[in-house]
Student: 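What follows is a single structure, and I will ask about it in a moment.
For this chain, numbers begin at 1 and follow the sequence in order.
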Amino acid sequence: MANFFSDNKDLQFHLQHPAMRKIVELKERGFAEKDRYDYAPQNFEDAMDSYRKVLDIAGEVCGEVIAPNAEGVDHEGPRVVNDHVEYASGTVRNLEAIVAAGLSGMTLPRKYDGLNFPLVCFVMANEMVARADAGFENIWGLQDCAETLNEFASEEIKAKYLPWVSAGATCAMDLTEPDAGSDLGAVMLKATWSEEKQTWLLNGVKRFITNGDGEVSLVLARTEEGTTDARGLSMLVYDKRDGGVKVRRIENKLGIKGSPTCELVFTNAPAQLVGDRKMGLIKYVMSLMNAARLGIGAQSVGLCEAAYREALKYAREREQFGKAIIRFAAVSEMLSNMKAKLQGARALLYETTRFVEIYKQYGHISHERSLESEERQEMKFYNRLADGFTPLVKLFSSEYANQLAYDCVQIHGGSGFMKDYACERLYRDARIMTNIEGTAQLQVVAAINAVTKGTFLEQIRRYEAGEFCEAMQPVVAVLRELTARFEEMTARVETLDKECAGYKDFHARRLVETAGHIIIGYLLARQAGESEEYANSAKVFCKLAAGKVTEAHAYVMNSQPEDVALFRAVEEEC
């Protein structure tokens with residue numbers, strides 16, 4: 001039987017990370033619920049055993065149900081029937097299997113019928129679902145919207161919606177509009193308070209909404225009449241059972257075709273306010289988007305895993321000139337690079353997830369009691385890391401998903417262009433990863449502050465100060481050299497940016513990617529000390545990183561302020 005957890009030693013390795021003890025203790029509040037719920041863990045070992053068992057169930061559902069349905073779902077797709085979405089038959093079976101296995105509400109508190117699992121486990125489940133079918137992950141993974149309700153909504157709203165999500169209700173986040181894509185401050189969907197009905201009424205149009213006909217939707221809307229900026233926006237929750245929303249159409253997409261991307265029309269749709277007015281974009285959407293970007297990271301890594309396995313399988317089986325093509329150096333090198341990028345992206349994904357997990361748990365605890373001074377400092381420390389690493393993991397994992405899908409098709413040769421092989425679908429599914437939940441370019445904008453404020457360099461120094469096995473010493477030596485180049489590049493860019501406005505923006509991607517390459521290199525080198533499984537990938541990735549950083553360093557150090565005019569010339573053509 002196929003099981004996407006038990007067949008993946010890399011996932012199991014990350015579940016055993018030393019930080020899990022701290023994460024479990026924070027999540028379980030010292031195992032305070034062990035006598036209240038019969039499925040609450042008694043101690044750390046009991047919790048870890050529960051996580052493994054549930055992830056094993058998730059792995060089986062992914063391998064035995066979702067993956068076999070993927071091709072049929074891609075072919076059939078969803079459709080609009082009577083102004084609402086009707087899923088592909090395979091998607092319906094997937095949802096039924098997920099609910100039957102009790103995999104909804106993984107991170108939600110037990111008092112709302114959730115499993116109260118750490119974010120690490122949810123991200124792992126997301127990754128496995130995406131490996132099986134990236135389009136279905138877009139539906140199932142959106143249950144993370146419930147975390148926003150859990151963090152910011154009133155007790156009344158949480159009691160109404162969270163048990164429903166735990167029982168399998170699907171979710172959506174209704175943010176973008178025809179004239180407001182990444183610029184969410186331009187959202188104009190109107191929310192008006194009705195004294196008669198004692199509720200907010202939503203009117204307007206939303207576009208490009210993933211799983212737009214979900215049963216529970218978080219809607220960004222303009223509650224403050226006469227405003228046109230972010231300060232007039234609030235977050236509301238909409239219940240599909242209340243009516244008032246019609247699906248105008250489902251977009252005809254290149255990939256992830258099983259996931260309905262909808263245009264929605266709101267006509268006096270009743271909704272409830274989440275949190276405080278005017279804080280919709282400033283506070284709640286930013287939290288929602290950070291979680292979504294972590295979700296895209298998991299989705300991208302799942303695609304990387306699928307692409308690598310398809311390529312490896314074909315290379316072992318396909319014979320040319322009397323031998324399997326994996327024995328040709330050109331192919332084996334591609335596969336080695338693919339594996340290094342896959343394991344590197346996964347290392348960055350779970351490092352980021354741990355940072356997010358710890359600071360989020362301190363945030364929840366702060367609502368229950370006052371944090372001690374040391375706890376407040378820890379929360380700030382991990383919050384800073386999470387803010388820097390979240391766009392970084394989204395940037396790298398989504399780019400690698402595209403690269404691995406491309407290489408998978410290439411290894412298949414002409415056959416890779418045919419729909420007979422899964423790699424064709426993976427290639428189409430991967431393409432959207434760099435665009436959704438903030439394009440790759442916007443991730444650079446979000447991450448550059450972590451370069452200029454020293455967040456990345458400080459963390460690199462912490463990695464550098466760690467202990468590494470003898471086999472990794474040459475890798476660490478190279479990473480130290482790359483770090484020196486990173487410092488040199490950063491100093492030059494910051495100096496010249498004072499002379500030429502826009503110089504930092506011009507080189508932002510080179511700086512962010514350089515930091516990412518060094519960080520991933522250290523993560524893999526650290527893992528190699530714990531398991532020889534990662535030694536080869538650490539060495540391969542280090543060589544790839546050295547090439548990329550050398551190129552970026554040469555470009556930056558030879559660049560002059562007047563080079564900024566090169567990209568501004570395009571603006572003048574418009």
Side-chain angles (χ1 to χ4, degrees), residues 10 297 300-301 303-305 307-309 311-312 315 326 328-352 389 392-411 430 433-434 440 443-444 447 451 456 459-460 463-464 468 471-486 488-489 507 509-529 531-556:
D10 203 10
S300 296
V301 172
L303 274 164
C304 287
E305 180 74 32
Y308 173 68
R309 286 178 181 260
L312 182 63
I326 196 172
F328 290 96
V331 175
S332 61
E333 182 186 11
M334 286 177 71
L335 287 164
S336 293
N337 290 344
M338 290 173 75
K339 185 176 182 180
K341 290 175 183 177
L342 163 62
Q343 293 188 328
R346 184 176 283 127
L348 183 61
L349 172 65
Y350 290 105
E351 182 80 336
T352 305
F389 273 62
L392 192 70
V393 73
K394 202 277 184 182
L395 173 67
F396 269 83
S397 63
S398 62
E399 291 286 1
Y400 284 170
N402 277 274
Q403 292 175 25
L404 265 67
Y406 180 98
D407 288 346
C408 181
V409 170
Q410 189 65 26
I411 286 173
M433 295 301 122
T434 55
Q443 303 313 308
V444 171
V451 173
F456 288 148
Q459 188 62 17
I460 287 169
Y463 294 139
E464 185 182 282
F468 297 90
M472 287 295 103
Q473 292 307 315
V475 169
V476 172
V478 171
L479 292 173
R480 288 197 178 103
E481 292 178 14
L482 300 184
T483 302
R485 292 186 181 184
F486 174 54
E488 190 176 9
M489 292 161 60
H507 288 297
R509 182 150 188 166
R510 280 173 276 276
L511 294 176
V512 170
E513 288 186 343
T514 294
H517 283 116
I518 296 168
I519 288 168
I520 293 173
Y522 271 118
L523 291 175
L524 287 174
R526 185 177 69 182
Q527 289 178 197
S531 172
E532 291 184 4
E533 168 73 20
Y534 301 102
N536 192 59
S537 285
K539 294 173 183 176
V540 170
F541 191 88
C542 184
K543 292 183 182 296
L544 294 174
K548 292 290 187 181
V549 174
T550 298
E551 179 184 352
H553 180 266
Y555 196 121
V556 171

Student: Could you list the residues that satisfy salt bridge (Lys or Arg N to Asp or Glu O under 4.0 Å) with Arg510, not counting sequence neighbours?
Tutor: none

Student: Hey, can you pull the donor-acceptor pairs under 3.5 Å for the side chains in residues 399-407, sequence neighbours left out?
Tutor:
unit_1, atom_1, unit_2, atom_2, d
Glu399, OE2, Arg509, NH2, 2.6
Asn402, ND2, Ser398, O, 3.0
Asn402, ND2, Ala430, O, 3.1
Gln403, OE1, Lys341, NZ, 2.7

Student: With sequence neighbours excluded, tell me which residues meet side-chain hydrogen bond (donor to acceptor under 3.5 Å, both in side chains) with Ser336.
Tutor: none

Student: To the nearest 0.5 Å, what is the distance between CG (Leu524) and CG (Leu348)?
Tutor: 9.5 Å

Student: Looking at every heavy atom in both Ala471 and Lys539, which two are closest together, and how far apart are they?
Tutor: O-CE, 4.1 Å

Student: Roughly how far apart are Ser397 OG and Leu342 CG, rounded to 0.5 Å?
Tutor: 11.0 Å

Student: Do Met472 and Arg526 come close enough that some side-chain heavy atom pair is under 4.5 Å?
Tutor: no

Student: How long is the gap from CD1 on Ile460 to OG1 on Thr483, to the nearest 0.5 Å?
Tutor: 5.0 Å

Student: Of all residues at least two apart in sequence or in a different chain, which pass the side-chain hydrogen bond (donor to acceptor under 3.5 Å, both in side chains) check with Tyr308?
Tutor: none

Student: Restricting to ring-ring contact (aromatic ring centres under 6.0 Å, His included), what partner residues turn up for Phe328, sequence neighbours left out?
Tutor: none

Student: Go through the steps for Thr514 and Leu482 under the test side-chain contact (heavy atoms from CB on, under 4.5 Å), then give the verdict.
Tutor: CA-CA 8 Å; Thr514 294; Leu482 300 184; over 6 Å; no

Student: For Glu533, what residues pass the side-chain contact (heavy atoms from CB on, under 4.5 Å) criterion, not counting sequence neighbours?
Tutor: Lys339, Gln343, Ser531

Student: Could you tell me if the side chain of His507 sits less than 4.5 Å from the side chain of Met489, heavy atoms only?
Tutor: no

Student: Quick check: closest heavy atoms across Lys394 and Met433, and the distance to 0.1 Å?
Tutor: NZ-O, 2.8 Å

Student: Could I get the full list of ring-ring contact (aromatic ring centres under 6.0 Å, His included) partners for His517, not counting sequence neighbours?
Tutor: Phe396

Student: Could you list the donor-acceptor pairs under 3.5 angstrom formed by side chains in residues 473-481, with sequence neighbours left out?
Tutor:
unit_1, atom_1, unit_2, atom_2, d
Gln473, NE2, Phe468, O, 2.9
Gln473, NE2, Cys469, O, 3.4

Student: According to side-chain contact (heavy atoms from CB on, under 4.5 Å), who are the partners of Val409, at least two apart in sequence or on a separate chain?
Tutor: Cys423, Tyr427

Student: Could you state the interatomic distance from CD (Glu513) to CD1 (Ile520), rounded to the nearest 0.5 Å?
Tutor: 10.0 Å

Student: Report the distance from atom CZ of Phe456 to atom CD1 of Ile519, rounding to the nearest 0.5 Å.
Tutor: 5.5 Å

Student: Among side-chain atoms of Glu351 and Tyr522, is any donor-acceptor pair under 3.5 angstrom?
Tutor: no

Student: Please tabulate, for the side chains in residues 540-554, all donor-acceptor contacts under 3.5 angstrom to protein atoms that are two or more places apart in sequence or on a different chain.
Tutor:
unit_1, atom_1, unit_2, atom_2, d
Thr550, OG1, Arg485, NH1, 2.8
Thr550, OG1, Ala546, O, 2.6
His553, NE2, Glu488, OE1, 3.0

Student: Decide side-chain contact (heavy atoms from CB on, under 4.5 Å) for Asn337 and Met334; before the verdict, give the C-alpha distance in whole Å, the side-chain angles of both, and the deciding distance to 0.1 Å.
Tutor: CA-CA 5 Å; Asn337 290 344; Met334 286 177 71; 5.9 Å; no

Student: Please identify each residue that fulfils side-chain contact (heavy atoms from CB on, under 4.5 Å) with Ala311, with sequence neighbours left out.
Tutor: Leu335, Met338, Cys408, Ile411

Student: For Tyr534, which residues count as a ring-ring contact (aromatic ring centres under 6.0 Å, His included) partner, sequence neighbours excluded?
Tutor: Phe13

Student: Thr352 and Leu392: side-chain contact (heavy atoms from CB on, under 4.5 Å), yes or no, with the steps?
Tutor: CA-CA 9 Å; Thr352 305; Leu392 192 70; over 6 Å; no

Student: Taking all atoms of both residues into account, what is the closest heavy-atom pair of Ile326 and Val331, and its distance?
Tutor: CA-CG1, 4.2 Å

